[in-house]
Amino acid sequence: MSSHSNAPARLAITRLLAGHATQARFASLPENVRTETARAFLNWMGCALGGCHEPAVKMAAATVAQLGGGPQASIIGHAQRTDVASAAFVNCISSSILAFDDAHLATVTHPSGPVGAALLAFSENHKVSGEDFVNAFALGMEIECRLSNLLVLPPSNFNVGFYVTGMSGPIGVAAAIGNLLGLDEKKMNWAIGIAASQSSGFRSTHGTMTAHFRPGHAARSGVWGAMLAATGFDSDEYALEADNGFIDVYASSANLDFAVDGLGQHFEMLTNAYKPYPCGIVIHPTLDACLEVRQQIGPNAKMAQVRLRVHPLALKLTGVRTPRTTLESHVSLYHWAAAALLRGVAGVPEMWQDCIDDPGIVALRDSIEAIPDQAIGRGEAIVEVTLADGRTLRSHVLNARGSAARPMTDDELDAKFRAQASMVLPADKVEELLRLCRSVASLQDVGKEIAAVLQTGSVSPSH
């Protein structure tokens with residue numbers, strides 16, 4: 001059995017990434033990468049718990065039950081168990097469904113979702129040490145972020161209509177699972193090719209359940225890629241860079257150096273960010289500004305006009321003025337601005353139907369003027385509110401909370417985790433799970449120890 005032998009003229013990034021993925025070890029990870037990986041895992045776990053009782057997750061869990069997967073791994077928040085690939089699929093949907101997951105700021109990919117879901121499921125069916133788990137997690141996120149850079153950043157001609165996590169996610173997962181399986185370079189190369197061939201997703205599905213199917217599919221696809229390659233199932237050894245391959249199809253003018261320059265020395269996953277608000281990350285600067293203005297408004301003041309000045313991408317990706325459902329609220333700049341200005345908060349309750357249908361929020365939402373401005377940075381926003389008495393209040397946010405310039409602190413991440421986990425687990429288990437996630441590198445058997453806490457039962461969601 002052999003792969004194609006005619007190498008394209010481009011840099012052989014498939015082989016270089018495969019070689020790195022086979023050799024990556026925990027001992028080589030800098031301390032800050034180990035720490036950030038544990039933070040990413042904690043954030044992912046909180047998001048998976050927060051979303052596990054949402055309707056789309058229940059539907060996905062019921063569907064995999066119909067398909068009959070073996071009881072290898074847990075579906076978070078449910079008594080049900082299923083096969084590794086299906087558990088990865090459902091649990092990744094859980095972590096995505098509230099739009100509270102992480103985001104790689106340069107590309108708006110969500111790197112920890114597919115990787116975290118796949119690794120936890122795999123670790124329930126295979127004994128994986130904490131160090132090996134952290135190494136694989138960091139590896140998968142790193143490859144996903146690097147390939148996202150390659151796809152999205154200039155000189156790429158990448159179509160913004162593609163869903164980036166669906167493109168790079170399967171490949172990051174395949175590398176992570178392949179590392180735990182101990183694949184050699186040839187099989188790792190095939191795993192990348194099999195995963196890349198399953199890349200998919202487009203943004204017109206934003207605001208629907210399908211938007212969250214895509215990262216779930218990425219998680220499942222990467223598991224399949226690695227496990228098929230382990231059996232000898234082959235692929236093109238130049239799948240990423242070949243003519244009519246991954247890059248040629250999705251971003252033919254991309255700079256392939258983004259995938260491999262400084263690999264193992266420079267860590268792109270350190271630029272990953274965690275969301276303080278459960279909505280599209282391009283909305284966050286506006287929310288910061290709205291909340292700042294809200295603090296200046298007196299208790300009886302009435303707003304006559306609201307004007308937002310934002311980067312054009314914010315409106316392109318989240319320009320839904322009238323969301324009908326919780327899922328559509330995730331991509332409504334107008335809804336979140338109105339909710340923040342009227343309620344003074346922007347949390348999970350602000351995505352629920354009672355907030356969407358609140359007459360005061362509807363009225364303000366309908367009156368907001370949002371202006372796209374190319375001079376505004378992607379992490380920047382200006383909000384001006386004119387009150388009925390003629391006063392104008394203004395906030396100019398240069399860097400949103402959660403950005404590289406204003407990262408979420410450990411205390412903020414812990415609070416975010418507790419708020420979501422407490423929707424599912426009793427208080428003592430919330431604290432135990434937080435401790436395990438924070439100290440994941442020291443665990444002896446990650447899947448067994450995490451599952452022991454998750455399987456202690458759940459409480460009914462509060463909405």
Side-chain angles (χ1 to χ4, degrees), residues 4 6-21 23-24 33 102-111 114-115 138-176 185 188-189 191-193 195-203 218 222 235-273 281-282 311-313 316-317 374 377-379 403-404:
H4 299 300
N6 295 323
R10 302 186 183 98
L11 180 67
I13 61 170
T14 313
R15 176 177 56 80
L16 293 171
L17 290 172
H20 174 73
Q23 298 299 318
V33 174
D102 60 352
H104 177 241
L105 295 173
T107 62
V108 201
T109 195
H110 307 289
V115 176
L139 171 67
M141 288 181 65
E142 182 66 17
I143 288 179
E144 192 172 344
C145 289
R146 283 173 168 268
L147 288 175
S148 297
N149 278 348
L150 183 154
L151 289 170
V152 173
L153 300 184
S156 173
N157 59 356
F158 185 70
N159 185 331
V160 73
F162 284 126
Y163 180 68
V164 187
T165 309
M167 304 291 112
S168 60
I171 302 168
V173 171
E185 187 173 324
M188 184 68 81
N189 190 304
I192 289 172
S197 71
Q198 299 174 83
S199 294
S200 65
F202 43 87
R203 290 190 174 274
S235 182
D236 187 327
E237 63 184 294
Y238 305 106
L240 298 181
E241 67 275 9
D243 292 344
N244 297 318
F246 179 79
I247 305 302
D248 209 23
V249 169
Y250 292 120
S252 58
S253 60
N255 182 353
L256 273 62
D257 290 339
F258 285 150
V260 293
D261 271 3
L263 192 59
Q265 303 299 318
H266 165 74
F267 290 87
E268 183 63 27
M269 54 86 65
L270 292 174
T271 67
N272 191 41
I281 199 163
V282 293
H311 187 278
L313 192 63
K316 187 174 183 65
L317 299 182
Q374 200 68 51
R378 286 173 61 173
S403 67

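Just so you know, these numbers come straight off a predicted model, no measurement behind them.
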Hey, what do you get for [atom1] ([X]) to [atom2] ([Y]), rounding to the nearest 0.5 Å?
| X | Y | atom1 | atom2 | result |
| --- | --- | --- | --- | --- |
| Tyr250 | Ser199 | OH | OG | 5.5 Å |
| Leu16 | Asp257 | CG | CG | 10.0 Å |
| Ile247 | Leu11 | CD1 | CG | 10.5 Å |
| Asp243 | Asp236 | CG | CG | 10.0 Å |
| Glu237 | Arg15 | CD | CZ | 9.0 Å |
| Leu17 | Leu263 | CG | CG | 6.0 Å |

Do you know which two heavy atoms are closest between [X] and [Y], and how far apart they sit?
| X | Y | answer |
| --- | --- | --- |
| Leu139 | Ala175 | CD2-O, 3.6 Å |
| Pro114 | His110 | CD-O, 3.4 Å |
| Ala195 | Ala174 | CB-CB, 3.6 Å |

Would a 4.5 Å heavy-atom cut-off, applied to side chains only, mark [X] and [Y] as touching?
| X | Y | result |
| --- | --- | --- |
| Phe258 | Ile13 | no |
| Leu256 | Leu240 | no |
| Val173 | Glu144 | no |

Let's go through Leu317 and Arg203 carefully: what are the C-alpha distance in whole Å and the side-chain angles of both, what is the deciding distance for side chain to side chain contact (heavy atoms under 4.5 Å, CB included) to 0.1 Å, and is it a yes or a no?
CA-CA 8 Å; Leu317 299 182; Arg203 290 190 174 274; 3.6 Å; yes
Given 3.5 Å as the limit, does a donor-acceptor pair link the side chain of [X] with the main chain of [Y], or not?
| X | Y | value |
| --- | --- | --- |
| Ser168 | Ser148 | no |
| His104 | Asn272 | no |
| Thr107 | Asn149 | no |
| Gln198 | Gly222 | no |
| Asn189 | Ala18 | no |
| Glu142 | Met269 | yes |
| Ser156 | Ala251 | no |

Would Thr109 and Val152 count as a side chain to side chain contact (heavy atoms under 4.5 Å, CB included) here? Give the steps.
CA-CA 10 Å; Thr109 195; Val152 173; over 6 Å; no
Distance-only donor-acceptor check, side chains Glu241 and Thr14, under 3.5 Å:
yes
Quick one: sort the Phe158 and Phe162 rings into parallel, tilted or perpendicular, breaks at 30° and 60°.
tilted
Ionic contact status for Arg146 with Asp261, cut-off 4.0 Å:
no
